[in-house]
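Here is the structure we will look at.
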Amino acid sequence: MATLIIQSATLVSAGHPLHLSTVDVLVKGGKIEKIGKSIKNEDKKAQVIDGAGAFLSAGFFDLNVNFGEPGYETKEDIQTGTAAAAAGGFTGVAVHPNTNPPLHSRSEISLIVNSAKGNLVDVLPVGTVSKKREGNELAELYDMKITGAVAFSDGTHSIQQAGLMGRALLYGKGFGGLIMTFPEDDSIAGGNKMNEGEVSTYLGMKGIPNLAESVMISRDLFLAEYNDAPIHFSTISTEEGVDLIKKAKAKGIQVTCDVAAHNLVFTDEDVKSFDSNYKVSPPLRTKKDLKALLKGLKDGVIDAVVSQHTPQEIEFKDVEFQIAKNGIIASQTVLPLLVKAGFTPEQIVEKLAVGPRRVLGLPLPEIKEGLEANLVLFNPTKKWIFDDRTNQSKSANSPLYGQELTGQVLAVINNNKVHIN
């Protein structure tokens, strides 16, 4: 990349001597050459980015994305998925194994690792816990770990067998293999399509009660405690879930969790429109749950916010709500949703850059002279329109499509590459 100068940005990096100061940053050959109050531009060919009113931090990291490759490349492939991630401020993503075949052996993990080499966005694969994501038999966890898997999950399939989950936790503990799980008891959820409550009754739709989540969180916390193993809950959505995890953390159980950005802004009231773009898993819950999730984030119970980027072709969304597939394309809209939810720039950096890496045990990129530049520049007040011109994904399944949003990523830098929106 060419020489780049970011001017007059507010640095957000807790512990940094220039934290919350207005700085200029000179990036040359992919490395941070200089950080200071005012850097003189001596390179006439240098690309200058005006950071006035914007915030500069370590690049965001997304713990939950779906790219479709292998098998569902018509929804999204690694190139379009990482383009969407970069446009949303992410310099790293953990891609989940909801593919065909699933990422359940070293060959699929190798495919992802090799296909993503040299990309601006670091793509870290999450291998399956069970073979074929069927929930019956453990997959080749250790083989996948040494090939590049950063954690293990059955993705959108919740692990129903307690014995299998217990064995996975115990086995993963032996080599630092983190088990991530989507907490939902299928026998309680019953294959239903939205949150159980007043709105589902009003609409005449069978609902998924909060109990389906809290029963599974409770079970897995017992298993994690029994095996003295770490566990991560992906996309929690209920007040009860937050409370259970809060108590478990206070007790010393090794537990972390995340929440999808859309569960912090939308509720089951939005489903009244029957817009299938509001159909997600876990479902959009009540305002009471939403408030508990926001409080859980601010109190440190919830460690990270994720996009849960889930692209779908139009034929799977432009149908009746009942038969539509779950999911929202979300890599580019996490920042605007957090701005809408009332997060400060410091809270945004904590939940999008610091927390996610802490969950995986990854180092936080340092903003220091002489080190590789892994940066995001974002303006929480800048407005932009999410439409065919700005969307980087192959798919368009988002309830925010065509709307003016507040909060824009201006630039991301990583791996000696730069993306400017």
Side-chain angles (χ1 to χ4, degrees), residues 61-64 92-99 101-114 116 122-185 216-236 244-245 247-258 303-304 306 354-364:
F61 189 97
D62 196 341
L63 284 172
N64 190 328
V93 297
V95 61
H96 279 236
N98 304 306
T99 52
L103 311 180
H104 65 162
S105 74
R106 64 192 307 161
S107 57
E108 291 86 21
I109 299 297
S110 292
L111 171 73
I112 300 297
V113 169
N114 292 326
D122 300 318
V123 180
L124 307 182
V126 175
T128 63
V129 172
S130 68
K131 287 184 178 176
K132 298 181 182 176
R133 292 201 304 146
E134 290 174 349
N136 298 319
E137 187 183 349
L138 277 184
E140 304 164 3
L141 305 190
Y142 182 69
D143 274 3
M144 289 191 282
K145 172 79 173 176
I146 59 175
T147 312
V150 73
F152 303 96
S153 165
D154 272 0
T156 53
H157 292 183
S158 184
I159 297 166
Q160 301 301 302
Q161 281 190 30
L164 181 78
M165 175 58 96
R167 289 192 297 276
L169 288 165
L170 186 59
Y171 182 42
K173 170 188 168 183
F175 59 86
L178 177 66
I179 305 298
M180 306 171 87
T181 182
F182 164 53
E184 186 173 271
D185 186 306
M216 196 57 91
I217 289 176
S218 186
R219 183 202 78 174
D220 288 348
L221 286 171
F222 275 117
L223 291 168
E225 184 179 24
Y226 179 78
N227 291 290
D228 191 25
I231 189 167
H232 178 82
F233 292 104
S234 296
T235 60
I236 67 165
L244 284 164
I245 291 165
K247 286 173 180 171
K249 284 191 170 188
K251 197 177 175 183
I253 296 171
Q254 301 171 65
V255 56
T256 53
C257 63
D258 64 56
D303 300 87
V306 300
V354 182
R357 289 184 173 92
R358 194 186 293 129
V359 167
L360 293 177
L362 300 173
L364 179 70

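Quick note: residue numbers are just sequence positions, from 1.
- Across Leu221, Asp303, Leu244, a single residue satisfies side chain to side chain contact (heavy atoms under 4.5 Å, CB included) together with Phe233, and that is Leu221.
- Note on residues 141-155: pairs passing side chain to side chain donor-acceptor pair (under 3.5 Å), not counting sequence neighbours, are Ser130-Asp154.
- Here the closest non-hydrogen pair linking Lys249 and Val255 is CE-O, 3.1 Å.
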Between Glu108 and Thr99, is a side-chain contact (heavy atoms from CB on, under 4.5 Å) present by the stated rule, with each step listed? CA-CA 10 Å; Glu108 291 86 21; Thr99 52; over 6 Å; no
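- Atoms OG1 and CD1, on Thr181 and Ile231 in that order, are 6.0 Å from each other to the nearest 0.5 Å.
- Judged as a salt bridge (Lys or Arg N to Asp or Glu O under 4.0 Å), and not counting sequence neighbours, the contacts of Glu137 are Lys131.
- Remark: Leu124 pairs with Phe61, Val150, Leu362 by the side chain to side chain contact (heavy atoms under 4.5 Å, CB included) rule, at least two apart or across chains.
- Atoms CD and CD1, on Glu184 and Ile217 in that order, are 11.0 Å from each other to the nearest 0.5 Å.
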Please test Arg133 against Asn98 for side-chain contact (heavy atoms from CB on, under 4.5 Å), starting from the C-alpha separation and ending with a verdict. CA-CA 9 Å; Arg133 292 201 304 146; Asn98 304 306; 2.6 Å; yes
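- Annotation: side-chain hydrogen bond (donor to acceptor under 3.5 Å, both in side chains) contacts of Ser107 (sequence neighbours excluded): Ser105.
- With sequence neighbours excluded, no residue satisfies salt bridge (Lys or Arg N to Asp or Glu O under 4.0 Å) with Lys132.
- Taking each heavy atom of Phe175 and Leu141 in turn, the nearest pair found is CZ-CB, 3.7 Å.
- In this structure, CD1 in Ile159 is found 11.0 Å from CG in Asn136, a value given to the nearest 0.5 Å.
- The two residues Leu360 and Ala151 have their closest heavy-atom pair at CD2-CB, 4.1 Å.
- Scanning both residues, Ala304 and Gly355, for their nearest heavy atoms gives CB-C, 4.3 Å.
- Sorted pairs that involve residues 166-180 and meet side chain to side chain donor-acceptor pair (under 3.5 Å), not counting sequence neighbours, are lacking altogether.
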Take Val129 and Leu138 through the test side-chain contact (heavy atoms from CB on, under 4.5 Å) and record every step on the way to the result. CA-CA 6 Å; Val129 172; Leu138 277 184; 4.0 Å; yes
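- Residues Pro125 and Gly148 share a closest heavy-atom pair of CD-O, 3.5 Å.
- Residues meeting the side chain to side chain contact (heavy atoms under 4.5 Å, CB included) test with Lys247, sequence neighbours left out: Asp243.
- Evaluation of the side chain to side chain donor-acceptor pair (under 3.5 Å) test over residues 220-234, restricted to residues two or more places apart or in two chains, returns Glu225-Lys251, Asp228-Gln254, His232-Thr256, His232-Asp258.
- Judged by distance alone, with hydrogens and angles left aside, the side-chain atoms of Ser158 form a donor-acceptor pair with the main-chain N or O of Phe182 at under 3.5 Å.
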Evaluate Met216 against Gln160 for side-chain contact (heavy atoms from CB on, under 4.5 Å), listing each step before the verdict. CA-CA 8 Å; Met216 196 57 91; Gln160 301 301 302; 3.7 Å; yes
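- Proximity of a side-chain donor or acceptor of His96 to a complementary backbone N or O of Leu63 within less than 3.5 Å is detected.
- For Arg219, the side-chain hydrogen bond (donor to acceptor under 3.5 Å, both in side chains) criterion is met by no residue, not counting sequence neighbours.
- Considering all non-hydrogen atoms of both residues, Pro230 and Leu178 come closest at CB-CD1, 4.0 Å.
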